[in-house]
Undergrad: 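If you scroll down you'll find the structure; I have some questions about it.
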There are 2 protein chains.
Amino acid sequence: MNTPNFTAGKCGDCPIRHRAVCARCNADELVELDAIKYYRTYEAGQTVIWSGDKMGFVGSVVSGVATLTQTMEDGRTQMVGLLLPSDFVGRPGRDGAAYNVVATTDVVMCCFRKKPFEELMSKTPHIAHRLLEMTLDELDAAREWMLVLGRKTAREKIASLLSIIARRNTTPDNNSVSTVFDLPLTREAMADYLGLTLETVSRQVSALKRDGVIQLQGKRHVTVPDMTRLMEEAGDDTDGGFLI
Amino acid sequence: MNTPNFTAGKCGDCPIRHRAVCARCNADELVELDAIKYYRTYEAGQTVIWSGDKMGFVGSVVSGVATLTQTMEDGRTQMVGLLLPSDFVGRPGRDGAAYNVVATTDVVMCCFRKKPFEELMSKTPHIAHRLLEMTLDELDAAREWMLVLGRKTAREKIASLLSIIARRNTTPDNNSVSTVFDLPLTREAMADYLGLTLETVSRQVSALKRDGVIQLQGKRHVTVPDMTRLMEEAGDDTDGGFLI
DNA sequence: GGTCCCAATTGATCTGGGTCAAAGTTAGTC
DNA sequence: GACTAACTTTGACCCAGATCAATTGGGACC
């Protein structure tokens with residue numbers, strides 16, 4: 001775990017939305033942090049952390065997509081978080097992981113050894129502050145998702161998921177009004193996020209396509225001609241709320 | 001809002017599980033906090049905060065039960081949090097409320113004016129730390145709840161809710177192995193928590209009673225003869241996990 | 001004690017999404 | 001370029017929970 005095998009990355013490469021602690025990219029912070037920080041890559045499908053395991057680090061996603069999942073003894077699983085580039089992983093002050101973390105694409109993580117990170121945190125109020133802010137964001141997202149899970153129809157659920165991914169993952173294409181992105185999830189992973197079966201996901205994606213709300217090139221490449229329409233389908237306030 | 005009309009309360013009365021900042025009840029902290037702190041009572045049914053409103057305080061529940069809810073334009077509502085005594089309300093660093101907060105019983109809140117609280121927080125790393133810990137707890141609870149909403153059956157949902165309330169609300173009755181508590185929620189509120197209709201809640205409560213998993217005295221007073229059985233019905237690991 | 005009101009129960013029926021099954025797609029791999 | 005394996009779509013049928021519609025129960029108040 002301690003062998004950084006990611007060479008190209010340095011904090012100068014942080015994606016714009018990188019919100020984790022290291023992401024602030026202030027040189028003085030970097031000096032402090034470099035001693036305890038390392039990069040690590042995971043292949044698609046690889047489990048980053050098993051629920052219940054001791055977790056020796058915290059960190060954030062640099063590139064790729066990972067998921068947080070919970071599983072019942074009989075195998076029913078529910079995704080409880082989607083980790084896109086810039087999202088933070090880990091629970092400072094806690095020893096065990098609460099969820100499985102699985103890479104769904106190849107993932108590069110920027111990790112901080114936990115012990116020194118916590119020491120740094122208690123010496124640097126600004127970091128604890130930032131972490132609180134990020135945790136509040138995650139809490140908002142989780143609660144918004146409870147509304148999706150508890151009260152939305154299958155079609156609305158799909159539309160909600162698509163708009164979240166669209167808002168975070170759009171490849172800017174300014175000579176077009178359309179929003180374009182790649183789905184980083186299989187139909188099964190989408191189902192696990194939405195509390196549906198993969199068949200229902202497939203049917204509803206087809207229905208949204210048939211109704212012109214989205215266009216598909218292949219299975220994963222999505223074009224949204226009209227984001228407002230998609231958000232109406234999601235049942236959201238058109239102003240968008242604060243889902244991350 | 002500034003008129004404290006709660007007289008009996010002082011921090012010496014904090015319930016055992018009071019985990020909020022003021023709850024630590026160290027005399028020196030109290031001296032600091034007293035200048036910015038007030039009590040306030042709300043009647044059952046009263047809305048404490050409207051989603052989107054500017055929120056001038058943070059605080060914690062001293063007694064009673066309140067709920068956090070989200071509502072769609074068409075009226076579908078989902079409860080996203082249950083506030084029992086000791087739970088924290090508010091989002092330091094945020095201006096607007098993200099949810100409706102509604103008192104479901106008479107509620108006493110211990111409130112801190114937001115501005116001075118935030119100043120205090122930035123001067124006192126220990127408070128920011130504690131707040132982070134509490135927010136992580138809430139995040140865990142929200143994510144555990146996502147599993148309930150997304151993947152559990154109606155019967156499992158009811159059993160899950162009952163065990164959460166049982167674990168937090170039990171009136172100790174040591175000459176009996178049974179767990180006894182009062183439901184602080186109407187059937188409708190339970191339905192809003194569980195993503196069900198009130199009719200389904202009623203049916204499943206009746207079914208659990210018929211099957212001897214619970215006993216009811218009146219509509220609200222619940223006796224659980226065997227907590228292990230209830231938790232099996234909830235589909236939880238018998239060790240209980242970390243739901244708050 | 002009566003009656004008003006609201007919470008809760010119970011019944012009958014309907015339907016969205018689950019389940020089971022089969023066939024179609026796509027990307028590797030040899 | 002055929003072969004495999006994993007992912008996806010589509011169809012047929014079913015059932016858990018929603019919906020609609022009466023009742024029933026239980027305080028609070030006169």
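Since the model is a prediction, treat every value here as computed from it, not as a measurement. Order of the sequence lines fixes the chain letters, A, B, ..., with proteins taken first and strands second; residue numbering starts at 1 for each chain.
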Undergrad: How many whole angstroms separate atom CG of Leu185(B) from atom P of dC6(C)?
TA: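 Atom-to-atom, Leu185(B) to dC6(C), this comes out as 20 Å.
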Undergrad: Is it true that Glu138(A) and Arg143(A) make a salt bridge, defined as a side-chain N closer than 4.0 Å to a carboxylate O?
TA: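 The answer is no: the pair does not qualify as a salt bridge.
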Undergrad: I want to check one thing: is the phosphate of dA18(D), taken as OP1 and OP2, less than 4.0 Å away from some side-chain N or O of Thr197(B)?
TA: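 True: Thr197(B) side-chain N/O within range (under 4.0 Å) of dA18(D) OP1/OP2.
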Undergrad: Determine the interplanar angle of the Tyr193(A) and Trp145(A) rings, folded into 0 to 90°, and report it as parallel if under 30°, tilted if 30 to 60°, perpendicular if over 60°.
TA: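 Ring orientation, 0 to 90° scale: tilted.
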Undergrad: Identify whether any heavy atom of Leu198(B) sits under 4.0 Å from a base atom; if not, whether one sits that close to sugar-phosphate; answer base, sugar-phosphate or nothing.
TA: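 Base, at least one base heavy atom under 4.0 Å.
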Undergrad: Salt-bridged, Arg76(A) to Asp192(A), with N to O below 4.0 Å?
TA: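 Salt bridge between Arg76(A) and Asp192(A), a charged N being under 4.0 Å from a carboxylate O: no.
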Undergrad: Under 4.0 Å, heavy atom to any atom of DNA chain D: which of residues 199-210 of chain A qualify?
TA: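 Glu199(A), Ser202(A), Arg203(A), Ser206(A) - these, ordered by number, are the residues of the stretch whose heavy atoms sit under 4.0 Å from the strand.
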Undergrad: Thinking salt bridges, do Glu233(A) and Lys152(A) make one under a 4.0 Å N-O criterion?
TA: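 Judged by the 4.0 Å cut-off on N to carboxylate O distance, Glu233(A) and Lys152(A) do not form a salt bridge.
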Undergrad: Kindly confirm or rule out a cation-pi arrangement of Arg40(A) over Tyr38(A), judged by NZ or CZ under 6.0 Å from the six-membered ring centre and within 45° of its axis?
TA: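 The answer is no, since Arg40(A) fails at least one limit relative to Tyr38(A).
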Undergrad: Take atom CZ of Arg187(B) and atom C1' of dT24(D), then tell me their distance rounded to the nearest Å.
TA: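 Computing the Arg187(B):CZ to dT24(D):C1' distance gives 14 Å.
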Undergrad: From CG of Leu216(A) over to C1' of dG24(C), roughly how many Å is that when rounded to an integer?
TA: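 These atoms are roughly 16 Å apart.
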Undergrad: Just how far, in rounded Å, is P of dT9(C) from CD1 of Ile158(B)?
TA: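 Atom CD1 in Ile158(B) sits about 10 Å away from atom P in dT9(C).
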Undergrad: What is the distance from atom CE of Met109(A) to atom OH of Tyr39(A), rounded to the nearest 0.5 Å?
TA: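 One finds 11.5 Å between CE of Met109(A) and OH of Tyr39(A).
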Undergrad: For Gly195(A), report the nucleic acid contact type (base, sugar-phosphate, nothing); a contact means any heavy atom under 4.0 Å.
TA: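 If one applies the 4.0 Å heavy-atom cut-off, Gly195(A) turns out to touch the sugar-phosphate alone, with no base involved.
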Undergrad: Within this structure, what is the CG-to-P distance between Leu149(A) and dG17(C), rounded to whole angstrom?
TA: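 Interatomic distance, CG of Leu149(A) to P of dG17(C): 13 Å.
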Undergrad: Rounding to a whole Å, what distance do you find between Lys152(B):NZ and dG17(D):P?
TA: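 Between P of dG17(D) and NZ of Lys152(B): 13 Å.
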Undergrad: Count the heavy atoms of every other residue, nucleotide or ligand shown that sit under 6.0 Å from CD of Gln217(B), and state whether that count exceeds 12.
TA: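 Atom CD in Gln217(B) is packed in, count exceeds 12.
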Undergrad: Please report the distance, rounded to the nearest Å, between CZ in Arg220(A) and C1' in dT9(D).
TA: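 Those two atoms, CZ and C1', are 14 Å apart.
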Undergrad: Taking CG from Leu196(B) and P from dG16(C), how many angstroms apart are they, rounded to a whole number?
TA: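 Taking CG of Leu196(B) and P of dG16(C), I get 18 Å after rounding.
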Undergrad: Is the count of non-hydrogen atoms from other residues, nucleotides or ligands lying under 6.0 Å from Glu188(A) atom CD greater than 12?
TA: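 12 or below, so no.
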Undergrad: Between Asp87(A) and Arg168(A), does any NZ, NE, NH1 or NH2 come within less than 4.0 Å of an OD or OE carboxylate oxygen?
TA: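 A salt bridge is present here (some side-chain N lies under 4.0 Å from a carboxylate O).
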Undergrad: N/O contacts under 3.5 Å, protein versus nucleotides 26-29 of chain C?
TA:
none

Undergrad: How is Arg155(B) classified with respect to the nucleic acid when contacts are heavy atoms under 4.0 Å: base, sugar-phosphate, or nothing?
TA: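 Here Arg155(B) touches no strand at all.
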